[in-house]
A.B. asks: 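Right, I'll just put the structure down here and ask away after.
The shown structure was predicted, so the numbers you read here are calculated from the model rather than taken from an experiment.
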Amino acid sequence: MTNLDFTIISNNCWGGLTYEEYGLRKNSPTVGGYIFPVDFLRFVANLREYLSKPLQLISLSQAMHREEIINNGNADNIIGKLGDIEIVFVHYRTEQEVLDKWTRRVQRINWKNLIFKFSQQNGATFDDLKKFDELELPGKKMMFVNHPNLGYKCGIYYPGFEEEPFVWNDTFYAHRYFDVTKFINSGIIVLK
């Protein structure tokens with residue numbers, strides 16, 4: 001791999017696992033958590049604005065996505081808020097750890113080498129997928145979908161979820177289905 005200093009803005013833990021797979025420092029504040037589709041679309045469309053806001057930690061009772069968080073089995077996880085978007089941090093033990101890593105990783109963002117990753121999960125609708133596909137973003141972008149040939153420019157078919165409403169887990173086998181190294185280096189999506 002030739003591209004070693006990039007920032008993955010992901011709607012879930014895929015970015016963190018990708019950094020780990022390549023043995024790279026995590027240069028993204030979205031590592032270790034997930035963002036619901038409606039929030040993620042607003043977040044990536046106005047990334048600099050949202051990341052200029054301080055991360056506030058809120059209780060589950062304050063969360064606008066409270067029911068979805070409970071249904072996902074994440075009622076005990078730490079929830080952050082940036083303006084009107086929420087981030088559920090699933091891989092952190094303490095609030096201080098969340099705040100420290102968030103602050104450090106925001107400072108590491110490589111604004112000249114951004115990668116945006118979305119997927120059909122956490123209630124993502126076909127309209128959400130279409131909106132992401134059409135967004136003009138300052139970097140490479142890709143998204144996992146549960147059916148081939150849906151016509152998305154940045155869509156990557158993630159097999160095994162065709163009978164499901166969503167891609168329930170895109171973090172463990174994503175590298176089986178497309179050439180991640182080529183995508184990181186060039187932005188070109190090559191399916192395997």
Side-chain angles (χ1 to χ4, degrees), residues 1-37 39-41 43-45 47 50-51 55 72 74 77-78 80 82 85 87-93 97-98 100-122 124 128-129 132-133 135 137-146 148 152-161 166-192:
M1 184 154 81
T2 57
N3 183 8
L4 301 175
D5 181 16
F6 53 88
T7 294
I8 298 172
I9 302 297
S10 179
N11 68 309
N12 66 6
C13 299
W14 183 86
L17 290 173
T18 299
Y19 286 118
E20 288 172 9
E21 184 161 316
Y22 290 104
L24 298 173
R25 180 178 74 171
K26 295 172 181 166
N27 293 334
S28 172
T30 63
V31 167
Y34 68 90
I35 306 171
F36 287 97
D39 290 359
F40 187 75
L41 292 170
F43 180 60
V44 298
L47 189 63
Y50 278 108
L51 290 175
L55 180 69
N72 284 348
N74 300 123
N77 292 111
I78 299 165
L82 287 175
I85 68 161
I87 304 165
V88 181
F89 294 97
V90 295
H91 298 293
Y92 299 99
R93 291 183 299 270
E97 182 183 15
V98 167
D100 290 347
K101 288 189 176 185
W102 178 269
T103 301
R104 186 169 59 245
R105 290 174 178 161
V106 165
Q107 294 168 354
R108 289 183 189 162
I109 292 173
N110 183 342
W111 291 99
K112 295 180 181 177
N113 197 359
L114 296 171
I115 296 170
F116 296 90
K117 180 266 172 199
F118 188 48
S119 60
Q120 186 179 359
Q121 62 181 213
N122 291 317
D128 294 330
L129 299 175
F132 181 78
D133 194 54
L135 272 176
L137 298 173
K140 306 168 183 101
K141 67 178 183 174
M142 47 85 65
M143 67 179 172
F144 291 120
V145 296
N146 68 348
Y152 300 116
K153 296 175 292 230
C154 69
I156 298 168
Y157 169 50
Y158 197 99
F161 296 93
F166 307 110
V167 176
W168 294 111
N169 184 343
D170 66 7
T171 53
F172 294 110
Y173 303 113
H175 295 239
R176 287 185 183 174
Y177 306 125
F178 84 112
D179 188 334
V180 177
T181 302
K182 186 168 191 72
F183 177 75
I184 290 171
N185 286 336
S186 68
I188 298 169
I189 295 172
V190 176
L191 303 179
K192 292 184 177 179

A.B. asks: For the pair Asp170 and Asn12, evaluate side chain to side chain donor-acceptor pair (under 3.5 Å) and give the outcome as yes or no after the intermediate values.
C.D. replies: CA-CA 9 Å; Asp170 66 7; Asn12 66 6; 2.8 Å; yes
A.B. asks: Kindly check if the number of other-residue, nucleotide or ligand heavy atoms within 6.0 Å of NZ (Lys112) is above 12?
C.D. replies: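 For Lys112, atom NZ is not crowded (no more than 12 foreign heavy atoms under 6.0 Å).
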A.B. asks: When the ring planes of Phe36 and Tyr34 are compared, do they come out parallel, tilted or perpendicular, using 30° and 60° as the limits?
C.D. replies: perpendicular
A.B. asks: Counting C-beta onward and ignoring hydrogens, is there a side-chain heavy-atom pair between Trp111 and Pro138 closer than 4.5 Å?
C.D. replies: no
A.B. asks: Establish, yes or no, whether the cationic atom of Lys140 lies under 6.0 Å from the six-membered ring centre of Phe183 and within 45° of the ring axis.
C.D. replies: no
A.B. asks: Decide yes or no for Ile9 and Leu137: does some side-chain heavy atom of the first lie under 4.5 Å from some side-chain heavy atom of the second?
C.D. replies: no
A.B. asks: I need the Tyr92 OH to Asp100 CG distance, nearest 0.5 Å.
C.D. replies: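 Going from the OH atom of Tyr92 to the CG atom of Asp100 covers 11.0 Å.
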A.B. asks: Is there a side-chain contact between Leu135 and Phe118 (heavy atoms, below 4.5 Å)?
C.D. replies: no
A.B. asks: Side chain of Asn146, backbone of Phe161: donor and acceptor closer than 3.5 Å?
C.D. replies: yes
A.B. asks: I want to know whether Tyr19 and Phe6 have ring centres closer than 6.0 Å.
C.D. replies: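 Distance test on ring centres: under 6.0 Å, yes.
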A.B. asks: As an exercise, state the distance from CG of Asn185 to CG of Leu4, rounded to the nearest 0.5 Å.
C.D. replies: 8.0 Å
A.B. asks: Please find the pair of heavy atoms, one from Lys192 and one from His175, that lie closest to each other, and give the distance.
C.D. replies: NZ-O, 2.8 Å
A.B. asks: Quick check: do Leu114 and Leu47 have side-chain heavy atoms less than 4.5 Å from each other?
C.D. replies: yes
A.B. asks: For the atom pair CG (Asn169) and OH (Tyr158), what is the distance rounded to the nearest 0.5 Å?
C.D. replies: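 Rounded to the nearest 0.5 Å, the CG-OH separation comes to 5.5 Å.
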A.B. asks: Quick one: pull up CG in Leu55 and NZ in Lys101 and give me the separation to the nearest 0.5 Å.
C.D. replies: 14.5 Å
A.B. asks: Give a yes or no on this: more than 12 heavy atoms of other residues, nucleotides or ligands lie within 6.0 Å of atom OH of Tyr173.
C.D. replies: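 No, the 6.0 Å shell around OH holds no more than 12 heavy atoms from other groups.
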A.B. asks: With distance as the sole test, does Lys141 use its side chain to make a donor-acceptor pair with the main-chain N or O of Phe132 at under 3.5 Å?
C.D. replies: yes
A.B. asks: Give me the atom names and distance for the closest heavy-atom approach of Gly15 to Ile8.
C.D. replies: CA-CG2, 3.7 Å
A.B. asks: Identify the two heavy atoms, one from Asp133 and one from Cys154, that lie closest to each other, and give their separation to 0.1 Å.
C.D. replies: OD1-N, 2.9 Å
A.B. asks: Is the shortest heavy-atom distance from the side chain of Pro29 to the side chain of Ile109 under 4.5 Å?
C.D. replies: yes
A.B. asks: Between CZ of Phe178 and CD1 of Ile188, what distance do you get to the nearest 0.5 Å?
C.D. replies: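 Rounded to the nearest 0.5 Å, the CZ-CD1 separation comes to 12.5 Å.
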A.B. asks: Given side chain to side chain contact (heavy atoms under 4.5 Å, CB included), test Val88 with Asn72 step by step and report yes or no.
C.D. replies: CA-CA 10 Å; Val88 181; Asn72 284 348; over 6 Å; no
A.B. asks: Ring centroids only, cut at 6.0 angstrom: are Tyr177 and Tyr157 within range, meaning strictly under it?
C.D. replies: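 When the ring centroids of Tyr177 and Tyr157 are compared, they turn out to be at least 6.0 Å apart.
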A.B. asks: Under the 3.5 angstrom rule, does the side chain of Gln120 hit a backbone N or O of Phe166 as a donor-acceptor pair?
C.D. replies: no
A.B. asks: Quick one, Thr181 and Tyr22 - any side-chain contact, counting heavy atoms below 4.5 Å?
C.D. replies: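 Thr181 reaches Tyr22 side chain to side chain.
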A.B. asks: Between Ser28 and Lys26, is the side chain to side chain donor-acceptor pair (under 3.5 Å) condition met? List the steps.
C.D. replies: CA-CA 6 Å; Ser28 172; Lys26 295 172 181 166; over 6 Å; no
A.B. asks: Pair Asn113, Asn3 - check side chain to side chain donor-acceptor pair (under 3.5 Å), show working.
C.D. replies: CA-CA 9 Å; Asn113 197 359; Asn3 183 8; 2.6 Å; yes
A.B. asks: Answer whether the closest heavy-atom distance between the side chains of Leu51 and Trp102 falls below 4.5 Å.
C.D. replies: yes
A.B. asks: How close do Cys13 and Gly32 get, counting heavy atoms only, and between which atoms?
C.D. replies: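 Here Cys13 and Gly32 meet closest at SG-C, 4.2 Å.
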A.B. asks: Between atom CD of Gln121 and atom CE of Met143, what is the distance when rounded to the nearest 0.5 Å?
C.D. replies: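 Separation between the atoms: 13.0 Å.
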A.B. asks: Do Thr7 and Arg105 pass the side chain to side chain contact (heavy atoms under 4.5 Å, CB included) test, and can you show the C-alpha distance, the side-chain angles, and the key distance before you say yes or no?
C.D. replies: CA-CA 9 Å; Thr7 294; Arg105 290 174 178 161; over 6 Å; no
A.B. asks: With no hydrogens and no angle check, is any side-chain donor or acceptor of Asn110 less than 3.5 Å from a backbone partner on Asp5?
C.D. replies: yes
A.B. asks: For the residue pair Glu21 and Val180, establish whether any side-chain heavy-atom pair is separated by less than 4.5 Å.
C.D. replies: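 SC-SC contact between Glu21 and Val180 ruled out.
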A.B. asks: Which heavy atom of Ile156 sits nearest a heavy atom of Met142, and at what distance?
C.D. replies: CD1-CE, 3.4 Å
A.B. asks: Check the pair Leu24 / Met1 against side chain to side chain contact (heavy atoms under 4.5 Å, CB included), numbers first and verdict last.
C.D. replies: CA-CA 11 Å; Leu24 298 173; Met1 184 154 81; 3.7 Å; yes
A.B. asks: Taking Ser119 for the side chain and Phe144 for the main chain, is one N or O donor matched with an acceptor at less than 3.5 Å?
C.D. replies: no
